[in-house]
Amino acid sequence: MPGWVIVGTQWGDEGKGKITDYIAKDFDYIVRFQGGNNAGHTIVIDGEKFKFHLIPSGILRPGKIVVIGNGVVIDLAVLRKEIEDLKSKGVDVSGLRISNRANIIMKYHRLLDGAEEVFRGGGSIGTTKRGIGPAYSDRAARAGIRVGDLFSPALKEKVDFVVSLKNKVLKDVYGIDEKLNPNEIYAELLEHRDCIKEYVTDTAMLLNNALDEGKKVLFEGAQGTMLDIEHGTYPYTTSSHTISASACIGTGVPPRKIDKVIGVAKAYTTREGSGPFPTELSGDIGEYMRKMGGEFGTTTGRPRRCGWLDLAIVRYACMLNGIDEIVITKLDVLGGIKRIKVCVGYDLDGKRIDYPPSTSHEYDRCVPIYEEIEGWDRMERDEWAEICKKGYDAMPEGAKNYVELIEEFCKVPVSMISVGPERSMTIIKHD
Ligand code: GDP
Ligand code: IMO
Ligand code: MG
């Protein structure tokens, strides 16, 4: 059964967008199942950069159906802009489908996201301030407005109720006097509805029927395993489930229709917001990774924190997601570092542990245990392009040792290695 899931194994920005776009050529449907426009997936084609926050990365492959599943929280203004930008670049968006069960991110969600962060002070999560957490909170509280509600005669009543409630919270709890006008919000929703209505459908029916007909469906994860609301570095996580199981909940496709999980692992580690990061590097090597890897947030522009590859978390991700194959990205970035370290476990208060602990306060005390291997010389893009043509065996010895160390440690094969943003900068590794 050809349902494949792609997930991030770290704290996001592993290069899922590039890998989804690469793999999408062999699929009929490409589906986002969680998160919202906190995600930023970058794809480079013929030198042109595309950044997607909501639309699945398969949109650049002509003839595909791309689906925003029920588990995604949608900022309709952002979605419309993304549609318009694509149209202006000549990309056909007629294959877009939007779940009628997806929750909508409202203006008060964005305001509350910012206000909650300020209220947390020094303990702030470092969210993307896109309203993600408050939107998922409202979903759980059954106070969300869903895409399907846009077509309901009860919409006005619902908006009036929720907006009056949020005005009270904003003023009485956070001291924000910006009184939101329910009539304006209602009018805005109707305008959004008219612009997106042609794409809205029951995507659970659509995807199950497609799979039953033998069509191929690729599920594109956002964020990464360590940002999962329960399995990640709580509370320094996002508000959705980011692991592979979420592909089912977030689309209505049952687990037995999924037969492969691909974990994307960046060759080093990055993290955008606050929270534990044992292998973080503050000196020259961290700076080198940031510079060579262009590690600045796609959504926020913030410099990403950088550090050594943490195999303890990649192995943990393999377990939680049931990863069948690992794809290593950005291996090119490590070229030029003489000795490369990888974290293989932690020392927690004098005791060795092999997996991330469940609490952030324990994780903060973890000291990484490293293994060290010989690096390889820095190579220019053209040199890597030659290697991509020749295949895995042509890679520098140090780089091959690095890949094989990851395989051995995680007990999962590496199927592909990415050494540049473009499609062509990809090496298939047959084992
Ligand atoms: P995502 O959120 O997981 O899709 O990742 P992002 O798009 O936020 O960040 C990955 C960044 O690295 C993007 O700018 C990509 O264009 C770029 N990228 C992807 N793969 C590679 C690679 O193998 N090498 C290099 N140098 N850059 C890459
Ligand atoms: P992609 O899909 C990296 C991080 C934020 C913050 C935490 C909570 O591009 O890999 P949120 O706004 O979700 O409430 O923020 O999660 N975060 C990401 N970090 N890549 C992402 O997405 C992220 N989406 C959220 O930086 O630490
Ligand atoms: Mg990203």
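Counting starts at 1 for both ligands and their atoms, in listed order. Note: hydrogens, waters and symmetry copies are ignored here, and every other heavy atom, side chains too, is used. Residue numbers count from 1 along this sequence.
Of all protein heavy atoms, the one closest to atom 26 (O) of ligand 2 is R302 NH2, 3.0 Å. Here the heavy atom of the protein found nearest to atom 8 (C) of ligand 2 is T237 O, 3.3 Å. For atom 13 (O) of ligand 2, the closest non-hydrogen atom of the protein is T238 OG1, 2.6 Å. Looking only at heavy atoms of the protein, atom 12 (O) of ligand 2 is closest to T128 OG1, 2.5 Å. In this structure, atom 5 (C) of ligand 2 lies nearest to the protein heavy atom G126 O, 3.6 Å. Here the protein heavy atom with the shortest distance to atom 18 (C) of ligand 2 is L227 CD1, 3.6 Å.
A side-chain contact (heavy atoms from CB on, under 4.5 Å) with E295 is found for exactly one of R271, K330, R305, namely K330.
Between the side chains of K168 and S164, no donor-acceptor pair of N or O atoms lies under 3.5 Å. No donor-acceptor contact under 3.5 angstrom links the side chains of K18 and S57, judged on distance only.
Protein-derived N/O/S atoms nearer than 2.8 Å to the Mg ion (ligand 3) total 2, waters excluded.
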task: Just do the salt bridge (charged side-chain N to carboxylate O under 4.0 Å, His left out) check on K87 and E82 with the steps written out, would you?
output: CA-CA 9 Å; K87 281 186 180 168; E82 221 161 284; over 6 Å; no

field: Test log, rule ring-ring contact (aromatic ring centres under 6.0 Å, His included), inputs W4 and F27
entry: CA-CA 9 Å; W4 289 17; F27 284 78; 5.3 Å; yes

query: Would W308 and V342 count as a side chain to side chain contact (heavy atoms under 4.5 Å, CB included) if you check the C-alpha gap in whole Å, the side-chain angles of each, and the deciding distance to 0.1 Å?
result: CA-CA 6 Å; W308 297 119; V342 292; over 6 Å; no

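Residue H41 touches ligand 2 through its side chain alone, judged by heavy-atom distances below 4.0 Å. For R271, no heavy-atom contact with ligand 2 is shorter than 4.0 Å.
Closest to atom 14 (O) of ligand 2 by heavy atom, among N37, D113, T127, I229, is T127.
For ligand 1, residues of the protein lying within 4.0 angstrom by heavy-atom distance are D13, E14, G15, K16, G17, K18, G40, H41, T42, T298, R304, K330, D332, V333, S418, V419, G420, P421.
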